[in-house]
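Below is one structure, written out as structure tokens; comments come after it.
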Amino acid sequence: MGVAVYSSIAAYMVGNRKNSMEEPQMKKLALLMAVALTCSLAFTACGGASSSAPATSASTGNGATAQQLAVQIGPDPETIDPALNSAIDGANMIIHAFETLLIIDKDGKVAPGQAESWEVSEDGMEYTFHLRSDLKWSDGSDLTAEDFEWSWKRAVSPDTAAPYADLFNMIKGFDEAAAGDFDALAVEATDATTLKVTLAKPCAYFDQLAAFTTYSPVQKATIEANGDAWATNPATYVSNGSFTVTDWVPGEYILMSKNDNYWNAEAIKLDSIKFVLMEDANASLSAYENGEILMVKDIPGAEVTNLSKREDFHLDPILGTYYISMQTEKAPFNDAKVRQALSLAIDRKYIAETVMQGTYTAAGNFVGTGLADAAAGSSFMDTAIERNGGKTYIDLEDHEGNVAKAKELLKEAGYENGAGLPTLEYSTNDAGYHVALAEALQQMYKEIGVNMEINVLEWSSFTPTRRAGDFQMARNGWVCDYNDASSLLDLFTTGNGNNDGKYTNAKYDELINKAHATSNVEEYFDYLHQAEDVLMEDAAMIPVAYYNDFYLQSEKLQGTWHSPLGYWYFMYGSIAE
């Protein structure tokens, strides 16, 4: 969320399947598959907009024409449960169905959401949120501060197995709550409209976290009655945002209709938003060109050069990194020298400029452009380069030199010219540039004597398989959840729910913990820079490129915006005739 890449994460985040999948995730996957099949059978007989209906209209049943916006931001999401989601496509849907205490506005600033005001104690350790009066769920029942208290505790509970549980770790009582003491988290509804939060350590960006999707409220009664299946059935998908799910045909679309019980419903002009669930980029582009959708995120790579010349083509920088995860618990990836060699063998400039046709930027560091440092207006990446003598960790200009170093590292690891190294398996999903990039990696690894096979998985299978660590190498990526380098660096702490490669390093964990324990801004960023040093020296992952979002959007669609965190805000949009 990046929001985990974010992301979809098919364009963001970002092996043979074994029985090593963690049990909570296995249960959830089996449940979701069963419910998806049930929904598919049930919805086939239901009414609802056709997947080929025009993007600009839908019948209201009384002769009038309603405004229905149809867009494509990815295929079927793994989940749209705010606590379980870690992908950018799911998050983009969730922000239309749910609203957090605070929100990020069009200018990228924290603004009131479900809370109309909030206060912070002088020492920054206590937040008090004052909710708007008469807030309602989409089913018309009352929403109170107790709903936020229960929802945050649910997200931390080990029974939920939320991949983003660690985003609550600055709240007092987190460790106890994560160990199973549900009520230990220091979040308290002191009355129906007041939520008091006590932190265990300073967190300068807590207001941004309070605007993140995992911090959304969910309805306790609905979840207790339906379990995880509540988020797969429109009849039980009770939400509190500007829209609510009213129809869902897996593999075709998710239809969200305006929530008349939303506190700011008068500002919502659209009657419905149809998220068309297409995984085939060619089909997505065709639907856009035919006017069936007014915005398309997944564009065929072969078409980018021509499409980029059009006025409806957009290329927006976002805060995130496309990287490769390696299962560090498995040989040969448990050897840092092998990981370093696999990283150095990659020609990042060729990948970014040729394979990705200039839509991404080559990454020499892990933390990329746009993220702030200690001083006002400063850049974390620029500071990292200064600390490193004016150089990035990976020399982007000397591919031949990098390849020579990679060969030497393999020799030191006992695999001279790749001898004795088994064929590696690289897992990816088939969207955007992912397969083309994998094919480029194949050729680059041959230069150092390494053979690699490509394992292409469907998106719905790819993310749970990767999260379970059931892979050797896998494409990955993360779009930041807030403008702070910790949004990326925290991913690689031991036990983090989005640490797909299961990397662990005591020194790294110590530096991250020290960063989060200090209230001194300069010390905080110094610890983060030291942590990135460790991460890159250890090749905990392989940074490849920095993200940009590229997409087509019709000029008919007005009043929407796209944020550097990778979100599209359609809720206040309208369609010009």
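- When every heavy atom of L277 is checked against every heavy atom of V249, the shortest pair comes out as CD1-O, 4.1 Å.
- Between the side chain of D347 and the main chain of Y350, a donor-acceptor pair closer than 3.5 Å is present.
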For Q553 and Y288: C-alpha separation, side-chain torsions, deciding distance, then whether side-chain hydrogen bond (donor to acceptor under 3.5 Å, both in side chains) applies.
CA-CA 9 Å; Q553 180 169 310; Y288 177 81; over 6 Å; no
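- The minimum heavy-atom distance linking M444 with A345 is given by the pair CB-O, 3.6 Å.
- Judged purely by distance below 3.5 Å, without hydrogens or angles, the side chains of T222 and T236 never pair a donor atom with an acceptor atom.
- Relative orientation of the Y360 and Y322 rings is perpendicular, given thresholds of 30° and 60° on the angle between their planes.
- By the 4.5 Å heavy-atom criterion applied to side chains, Y445 and I346 are counted as neighbours.
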Begin with the C-alpha distance, continue with both residues' side-chain angles, and end with the deciding distance and a verdict on side-chain hydrogen bond (donor to acceptor under 3.5 Å, both in side chains) for Q327 and Q472.
CA-CA 5 Å; Q327 226 309 350; Q472 291 186 0; over 6 Å; no
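- Under the 3.5 Å distance criterion, with hydrogens and angles disregarded, a donor-acceptor pair is assigned to the side chains of D139 and Q219.
- In this structure, S272 and L255 have side chains that are in contact, with non-hydrogen atoms separated by less than 4.5 Å.
- Panel note: side chain Y572, backbone I268; no donor-acceptor pair is recorded below 3.5 Å.
- Here the side chains of T321 and V544 are not in contact, with every heavy-atom distance at 4.5 Å or above.
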Trace of the side chain to side chain contact (heavy atoms under 4.5 Å, CB included) decision for N240 with S138:
CA-CA 6 Å; N240 74 319; S138 56; over 6 Å; no
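- When ring centroids are compared, H96 and F275 come within the 6.0 Å threshold.
- Looking at N85 and E78, their side chains never bring a donor and an acceptor atom within 3.5 Å of each other.
- No side-chain heavy atom of T246 sits under 4.5 Å from any side-chain heavy atom of M256.
- A side chain to side chain donor-acceptor pair (under 3.5 Å) with W459 holds for exactly one of D76, D89, D430, N429; it is D89.
- Between I104 and Y482, the closest side-chain pair of non-hydrogen atoms is not below 4.5 Å.
- Comment: R154 engages D81 in a salt bridge, judged by a side-chain N to carboxylate O separation of less than 4.0 angstrom.
- Between the side chain of S487 and the backbone N or O of C480 there is no donor-acceptor pair closer than 3.5 Å.
- In this structure, L315 and G358 approach most closely via the heavy-atom pair CD2-O, 4.4 Å.
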Quick one: do N365 and V367 satisfy side chain to side chain contact (heavy atoms under 4.5 Å, CB included)? Show the steps, please.
CA-CA 6 Å; N365 291 6; V367 179; 5.7 Å; no
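- Taking CE from M278 and OG from S284, the interatomic distance works out to 5.5 Å, rounded to the nearest 0.5 Å.
- For an aromatic pair to be called close, the ring centres must be under 6.0 Å apart, and F366 with Y323 satisfies this.
- Among all heavy-atom pairs drawn from L285 and E303, the shortest one is CD2-CG, 4.0 Å.
- Screening I223, V218, T214 for a side chain to side chain contact (heavy atoms under 4.5 Å, CB included) with S151, the sole residue that qualifies is V218.
- The main-chain N or O of E292 is never found under 3.5 Å from a side-chain atom of N290 such that the two would form a donor-acceptor pair.
- Taking the six-membered ring wherever Trp is involved, the centroid distance between the rings of F98 and F212 does not fall below 6.0 Å.
- To the nearest 0.5 Å, atom CD1 of residue I273 and atom CD of residue Q67 are 11.0 Å apart.
- Once rounded to the nearest 0.5 Å, the distance linking CZ of F243 with NZ of K258 reads 8.0 Å.
- L457 contributes atom CG, which lies 11.5 Å from atom CZ of F471 (distance to the nearest 0.5 angstrom).
- Residue-environment remark: CD (E458) stays at or below the threshold of 12 foreign heavy atoms within 6.0 Å.
- Remark: side-chain polar atoms of K136 are not paired, donor with acceptor, to backbone N or O of L143 under 3.5 angstrom.
- Pairing each heavy atom of P112 with each of A115, the nearest pair is CB-O, 3.2 Å.
- Between the side chain of N548 and the backbone N or O of T359, at least one donor-acceptor pair lies under 3.5 Å.
- For the residue pair A352 and A362, the shortest heavy atom distance occurs at CB-N, 3.5 Å.
- Ring geometry for Y237 versus W230: interplanar angle under 30°, hence parallel rather than tilted (30 to 60°).
- Judged by distance alone, the side chain of Q72 and the main-chain N or O of V276 form no donor-acceptor pair under 3.5 Å.
- For D312, the salt bridge (charged side-chain N to carboxylate O under 4.0 Å, His left out) criterion is met by R310, not counting sequence neighbours.
- Proximity of S343 to R348: side-chain heavy atoms (C-beta onward) are separated by under 4.5 Å at one or more points.
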Side chain to side chain contact (heavy atoms under 4.5 Å, CB included) for Y164 and L84? Distances and angles first, verdict last.
CA-CA 8 Å; Y164 264 129; L84 298 182; over 6 Å; no
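- E289 CD: more than 12 foreign heavy atoms inside a 6.0 Å radius.
- Of the possible polar contacts, one joining the N496 side chain to the D490 backbone as a donor-acceptor pair under 3.5 Å is found.
- When side chains are defined from C-beta on, F550 does not count as touching K297, because their heavy atoms never get closer than 4.5 Å.
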Starting from the C-alpha separation in whole Å, work towards a yes-or-no answer on side chain to side chain contact (heavy atoms under 4.5 Å, CB included) for N226 and N233.
CA-CA 10 Å; N226 299 278; N233 184 352; over 6 Å; no
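- One distance of note links CE of M93 with CZ of F570; it measures 10.0 Å at 0.5 Å rounding.
- Atom CG of L102 and atom CG of L209 lie 10.5 Å apart (nearest 0.5 Å).
- You'll find the side chain of S563 stays beyond 4.5 Å of the side chain of K106, heavy atoms only.
- With hydrogens and angles disregarded, no donor-acceptor distance shorter than 3.5 Å links the side chain of R466 to the backbone of M473.
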Just do the side-chain hydrogen bond (donor to acceptor under 3.5 Å, both in side chains) check on S216 and T100 with the steps written out, would you?
CA-CA 5 Å; S216 299; T100 42; 5.5 Å; no
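- In this structure, the ring of Y551 has its center less than 6.0 angstrom from the ring center of W568.
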Chi angles and distances behind the side-chain hydrogen bond (donor to acceptor under 3.5 Å, both in side chains) call for S325, N476
CA-CA 6 Å; S325 287; N476 213 325; 2.9 Å; yes
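- Using a 4.0 Å cut-off between a side-chain N of Lys or Arg and a carboxylate O of Asp or Glu, R467 and D500 do not qualify as a salt bridge.
- Geometrically, K274 engages Y253 in a cation-pi contact, judged by NZ or CZ lying under 6.0 Å from the ring centre and within 45° of the ring axis.
- Of the possible donor and acceptor atoms, one in the side chain of S308 sits under 3.5 Å from a partner among the backbone N and O of T305.
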